[in-house]
Amino acid sequence: MNCAKWEAEIALYAGGDLPARRVAPLENHLAVCARCRALLQDLRAGQALLAELRDDPLPPAMLARVRANVLAEVGAPRPSRPYWKLAPAAALALALATALLSPRHRAVEPPQPTPAAPVRMAEARPAEVVPVRHRALRRHRRPPAAKSGPPLLVQFVTDDPNIVIYWLVDQKPEGD
Amino acid sequence: MEPEGIALPMTVFERKDSGERAVFEGIMTGCQSRVLRVALRLLHHPQDAQDAAQEVFLRLYRHLGRIDRERGYEAWLFRVTVNVCRDIARRRRRSVALDEVSEPPSPRPDAYDAAARAQQREMVRRGLGRLGEKERAALVLRDLEGLPTREVARILGSSENTVRSQISTARLKLRDFANSGRTRS
């Protein structure tokens with residue numbers, strides 16, 4: 001009897017894959033062929049071994065590694081982030097910029113040298129002029145050295161180019 | 001009787017409102033073992049299998065919103081797993097020769113108590129590595145993962161008749177390989 005033609009059928013039958021209409025002829029043959037029954041037995045043993053392989057547990061470390069790597073990869077912000085999610089940050093930045101640029105917080109600039117009121121020598125009142133000019137100039141002078149330096153020369157300019165007032169101010173060391 | 005496909009935790013797929021990321025993590029939790037196991041059987045190399053599984057889930061993340069839920073995530077995952085494994089095997093040109101088949105580590109040494117049984121299992125494992133790419137994929141999905149033939153055909157993009165032919169050939173080759181191992185030892 002030529003059993004070779006049955007082998008493929010038996011291999012399917014062993015795993016339950018043989019279409020129903022082909023089962024009966026095969027079973028008739030198996031009833032009379034010991035060699036094919038032995039083949040079926042071998043194939044079923046192979047199926048059982050494959051089933052055991054299926055139950056092999058996977059190394060937990062490998063599973064954990066895959067999961068961690070994937071989540072790390074997808075954890076990065078997605079490029080298509082909705083714009084409204086950025087709204088709070090944008091509002092905060094705008095408020096901060098507004099506050100910093102407002103006149104109250106702007107760095108104090110030295111006032112333009114406002115000419116003192118035209119004075120005549122006889123009516124000049126340095127006591128009224130000096131404090132203003134003095135404060136403005138002192139804000140921008142260099143930090144005083146530890147030792148007392150040379151006296152600071154303050155120049156007062158008036159509308160009259162012929163009248164210039166000079167004032168020498170002693171510089172004191174820091175900590176005074 | 002053809003066995004039913006292994007039940008997946010389908011509930012995670014139905015959480016449409018719980019956020020894309022949560023759905024993704026749910027699918028990964030439910031399917032990670034199966035994807036990694038299939039990759040291991042197809043590639044016979046732990047590091048390659050790990051790379052393949054990672055790639056599969058990254059693709060899932062990218063395509064999550066476009067996967068046809070009617071057809072199910074399971075078929076999609078297996079199809080991508082087979083494709084990614086095929087790409088990796090070709091790219092690295094890692095021919096699975098007898099000596100290269102690596103033994104998957106098993107934390108259950110008690111399963112190998114009977115030396116003869118262990119040897120048979122090892123022969124089957126090695127035999128899997130000797131099968132052709134398509135035969136191996138069909139056999140792994142059908143006999144190790146227990147998917148119905150119709151599903152295997154869908155995943156592999158073949159007809160059911162083709163898959164039956166591949167499965168039949170693969171089973172006979174495995175049996176011959178196991179027999180030759182018995183006669184050698």
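Sequence lines set the chain letters: A, B, ... in the order given, protein chains first and strands last, and positions in each chain run from 1.
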*chain A contact via B:Leu174 - which portion, at a heavy-atom distance below 4.5 Å*: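 For B:Leu174, the side chain is the part near chain A, not the backbone.
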*Sort B:Glu25 into side chain, backbone, both or neither according to what part of it lies under 4.5 angstrom from a heavy atom of chain A.*
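Contact with chain A is through both the backbone and side chain of B:Glu25.
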*Could you tell me whether a side-chain N or O of B:Gln32 sits under 3.5 Å from a main-chain N or O of A:Leu63, the two making a donor and an acceptor?*
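Yes, because the side chain of B:Gln32 sits within donor-acceptor range (under 3.5 Å) of the backbone of A:Leu63.
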*By side chain to side chain donor-acceptor pair (under 3.5 Å), which residues pair with B:Arg154, not counting sequence neighbours?*
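Partners of B:Arg154 under the side chain to side chain donor-acceptor pair (under 3.5 Å) test: none.
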*Roughly how far, to the nearest 0.5 Å, is the CZ atom of A:Arg37 from the NE2 atom of A:His29?*
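These two atoms lie 9.5 Å from each other.
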*Can you say whether the rings of B:Tyr61 and B:Phe24 are parallel (under 30°), tilted (30 to 60°) or perpendicular (over 60°)?*
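B:Tyr61 vs B:Phe24 ring planes: perpendicular.
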*Part of A:Leu39 lying under 4.5 Å from any heavy atom of chain B*: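 When you check distances to chain B, atoms from both the backbone and side chain of A:Leu39 fall under 4.5 Å.
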*Structural part of A:Glu7 lying under 4.5 Å from a heavy atom of chain B*: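 It is both, since atoms from each part get that close.
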